[in-house]
Amino acid sequence: MAMTDILSAKDIEAALTSCQAADSFNYKSFFSKVGLKGKSTDQVKKIFGILDQDKSGFIEEDELQLFLQNFSSSARALTDAETKAFMAAGDTDGDGKIGVDGKIFSVIFSGFWFLQICIFRLNVNLQH
């Protein structure tokens, strides 16, 4: 599965162009530009699955540093400062990981969709 199966190539290009320079990445701006808001629960699960490279159910710091490269292999890695700021924004319990139910994803997905993601996450955890 590729991001372009869910998001438009034009939106991805615009979002990546907006943060080409080191230390210019802003997750809220990027999420808005790339078109992540308003996606269905199924699309959310697919996007999270792409970002969760090791399929652990969480996005760890090493995966987060390569966040932009999930959208384009030629994209830059996030700087250490950007990675730490991004992690701090999304790591709700201080364990160094972002789950799909974390506050980063509450920024992306509002109200009903966020509730569905939390329910999905709970169901996944109960199955393991």
Side-chain angles (χ1 to χ4, degrees):
M1 166 98 15
M3 287 291 186
T4 52
D5 293 337
I6 303 165
L7 305 168
S8 86
K10 182 179 175 183
D11 289 345
I12 290 171
E13 182 179 342
L16 290 172
T17 298
S18 74
C19 60
Q20 283 180 327
D23 294 316
S24 65
F25 177 77
N26 175 295
Y27 71 89
K28 289 180 184 178
S29 175
F30 185 86
F31 290 162
S32 178
K33 288 179 182 175
V34 82
L36 283 173
K37 292 186 178 186
K39 296 299 177 192
S40 71
T41 302
D42 187 51
Q43 290 169 316
V44 171
K45 291 186 278 188
K46 289 176 183 174
I47 290 168
F48 190 86
I50 293 169
L51 298 174
D52 179 18
Q53 294 287 311
D54 65 3
K55 305 304 179 211
S56 66
F58 297 94
I59 301 170
E60 292 86 12
E61 190 168 330
D62 59 331
E63 293 169 316
L64 199 57
Q65 189 156 33
L66 302 176
F67 175 80
L68 296 176
Q69 293 174 0
N70 289 290
F71 295 88
S72 172
S73 60
S74 63
R76 69 177 179 88
L78 296 178
T79 65
D80 288 343
E82 288 170 322
T83 303
K84 289 184 187 321
F86 199 1
M87 180 60 74
D91 182 9
T92 56
D93 60 6
D95 65 355
K97 301 181 274 189
I98 298 173
V100 74
D101 56 344
K103 60 184 169 181
I104 284 289
F105 286 89
S106 70
V107 170
I108 303 171
F109 311 103
S110 61
F112 179 71
W113 295 118
F114 181 65
L115 178 61
Q116 284 191 339
I117 293 165
C118 292
I119 292 168
F120 165 76
R121 181 79 180 152
L122 178 63
N123 288 336
V124 168
N125 287 338
L126 291 174
Q127 291 174 4
H128 290 262

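Hydrogens, waters and symmetry mates play no part in the numbers below; they use all other heavy atoms, side chains included.
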Ser24 to Ser18 - nearest heavy-atom pair and separation: OG-O, 4.2 Å

Non-neighbouring partners of Thr17 that pass side-chain contact (heavy atoms from CB on, under 4.5 Å), sequence neighbours left out: Glu13, Gln20

side-chain contact (heavy atoms from CB on, under 4.5 Å) partners for Ser29, two or more places apart: Asn26, Lys33

For Lys97, salt bridge (Lys or Arg N to Asp or Glu O under 4.0 Å) partners two or more places apart: none

Interatomic spacing from CG in Leu64 to CZ in Phe58 - rounded to 0.5 Å: 14.5 Å

Derivation and outcome, side chain to side chain contact (heavy atoms under 4.5 Å, CB included), residues Leu78 and Glu61: CA-CA 10 Å; Leu78 296 178; Glu61 190 168 330; over 6 Å; no

Residues forming a side chain to side chain donor-acceptor pair (under 3.5 Å) with Gln69, sequence neighbours excluded: none

Shortest non-hydrogen contact between Phe86 and Ile98, atoms and distance: O-CD1, 4.1 Å

Ile50 versus Met3, closest heavy-atom pair with distance: CG2-CE, 3.7 Å

Gap separating the CG atom of Leu36 from the CG atom of Asp11, nearest 0.5 angstrom: 9.5 Å

Taking every non-hydrogen atom, the tightest pair across Ser72 and Leu16: CB-CD1, 3.4 Å

Where Asp23 and Ala81 come nearest, the two heavy atoms and their spacing: OD1-CB, 4.0 Å

Criterion side chain to side chain contact (heavy atoms under 4.5 Å, CB included) on Lys39 and Leu7, from CA distance to verdict: CA-CA 9 Å; Lys39 296 299 177 192; Leu7 305 168; 3.5 Å; yes

Residues Glu60, Met87; criterion side chain to side chain contact (heavy atoms under 4.5 Å, CB included); working and verdict: CA-CA 8 Å; Glu60 292 86 12; Met87 180 60 74; 5.5 Å; no

Criterion side chain to side chain contact (heavy atoms under 4.5 Å, CB included) on Glu63 and Leu51, from CA distance to verdict: CA-CA 7 Å; Glu63 293 169 316; Leu51 298 174; over 6 Å; no

Flag if over 12 foreign heavy atoms under 6.0 Å of NZ, Lys10: no

side-chain contact (heavy atoms from CB on, under 4.5 Å) partners for Ala85, two or more places apart: none

Transitive ILVMFWY side-chain link Met1 to Leu66, under 4.5 Å: no

Gap between atom CD1 of Ile59 and atom CG of Asp91 - 0.5 Å precision: 11.5 Å

Worked verdict on Phe30 versus Phe67 for ring pair (Phe, Tyr, Trp, His ring centres under 6.0 Å): CA-CA 11 Å; Phe30 185 86; Phe67 175 80; 5.5 Å; yes

Glu82: partners by salt bridge (Lys or Arg N to Asp or Glu O under 4.0 Å), with sequence neighbours left out: Arg76

Flag for Asn70-Gln53: side-chain donor and acceptor within less than 3.5 Å: yes

